[in-house]
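Okay, so here's the structure we're looking at.
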Amino acid sequence: MNKPAYIHTTPKDNVAIAAGLLGLHSGDVIMENISATELIPMGHKVALKTFQPGDPIIRYGYTIGTANCIIPQGSWVQEQMLQIPDAPILDEIKFQTSPIPSFETLDGYTFEGYKNEDGSVGTKNVFGISMSVHCVAGMANYVIEKIKKELLPKYPHVDDVISISHTYGCGVAINAPAAIIPIRTIHNLARNPNLGGEIMVLALGCEKLRPETITGTSTKSDILYMQDESLTGFQDMVDAAMETAERHLKKLNARKRETCPASDLVVGMQCGGSDAFSGLTGNPVAGFAADLIVRAGGSVFFSEVTEVRDAIEQLVARAADEDVANKLIAEMKWYDQYLEKGDADRSANTTPGNKKGGLSNIVEKALGSVVKSGSMPIVDVVSPGDRVQKKGLQFVATPASDFVCGTLQLAAGMNLHVFITGRGTPYGLSMAPVIKISSNSKLANRWHDLIDFDAGPVALGEKTIEEMGWELFHYMLDVASGRKKVATDVLGLYNDLVLFNPGPLT
Ligand code: CA
């Protein structure tokens, strides 16, 4: 007989989750002296103790609600049996110094990366063409097609040529306070470690966003103005762009991968198209691997403000110091106000699909989302469009929209992306490898050529979170080294970059 499949997320938890496709049946022994007393559907909670009214129900190590009736040990903990905790009020959250958990550092793990002059390391070798205004986007596409056909075959060590396209640059209130977000995003995208500092900026000439804002001083960039009076006709402009491009391609082609410590990784975590298993398999496995990267000295960040807003107390409790706690609260407040301005709220209610899948309330959903950040202290908080400065686990404030979040994570300096999905999405980015993790094997089997890593075996009890977390960690080092290619890189399946522009258009 197969062992009944269940998931117990942390030792503190007083509920477990039925994992197998058929759930748990009456009489199934879950743990020592605990048996299921009724059918518990897949993804739903089973009581590991008898709850009295008022008792906290703990999942992911945190209280997701209190019992509002007697819930006998071994029975199904259903949504209506839980009293939902009040939504956290940001002004009332106080930082309390809690002991920072000690952890063993991991030494000796390396990957083969491209070292940059600014100290960052690339996992790909990509030539980026940025632009100061969308007016030149057509020209960029034209030139890129020509480069791919005529130049790229001569420079085999360059992985790709990409457009850092956006719809910003003119017709915008460039001095509005919120304009800082798209402007610094465009600037920091050009600084992504995978572009090696070799940037060509296509400009028009009369636009509001000055091209120098993009290049700053840290990239060896060239700016090409289409309105340059020495250029006559489109062909002249294309010739100038091709000549400039070839200079950069030569330099990029000369780069070689070198052995770098795992501490040079800057990993962005995100989820999209989540299902009930995301918080049970994919996110905990990704969280375990995130801890390993941090223990190896690397940078890991998670994002998606609206997804974690309801777990703010837990995040504040993990802040390394009071400054980080205050920054976390400030980013959540900023986003609350941004939503209010648009006459929306965070629509924090769980969907019918979530509830059917076993998520009782938004607290449980948010905790499932936060699980992908692992268990390390949060050492810094980065505003949208800014770049991370530190090693360790950080929060990069972004919307939850996959492409907007991914774009801001690239601007934050991400050189490797981990993306967890349950329903499935073909999401991919050309600037950094996107490791797509499925939360269930059904998806991984159906989308065998789109999913890179299947965390489904955790749900079936075939592998532990720890085992799969280590597997993912090694897979990440392989992908960062170019030894393994993610599905979207094999297929050339990429989404557009999408700016977060909270400011007004004119
Ligand atoms: Ca997302």
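Index from 1, following the sequence. Only a predicted model underlies this, so the values are computations on that prediction, with no experimental measurement involved. For ligands, and for the atoms within them, numbers begin at 1 and follow the listed sequence.
Expressed to the nearest 10°, the angle at the Ca ion (ligand 1) joining OE2 in E304 with OE1 in Q270 is 100°. Here the Ca ion (ligand 1) is the vertex; the O atom in C271 and the OD1 atom in D402 give an angle of 90° (to 10°).
A salt bridge between D118 and R387 is present, with a side-chain N of the basic residue lying under 4.0 Å from a carboxylate O of the acidic one. Salt bridge present: K333 and D91 bring a charged side-chain N and a carboxylate O closer than 4.0 Å.
For the 3.5 Å distance criterion, the side chains of S369 and E304 fail to qualify, holding no donor opposite an acceptor.
The Ca ion (ligand 1) has no N, O or S atom of G272 under 3.0 Å away, backbone or side chain.
Every residue was checked against the ring-ring contact (aromatic ring centres under 6.0 Å, His included) condition with Y168, not counting sequence neighbours, and none meets it.
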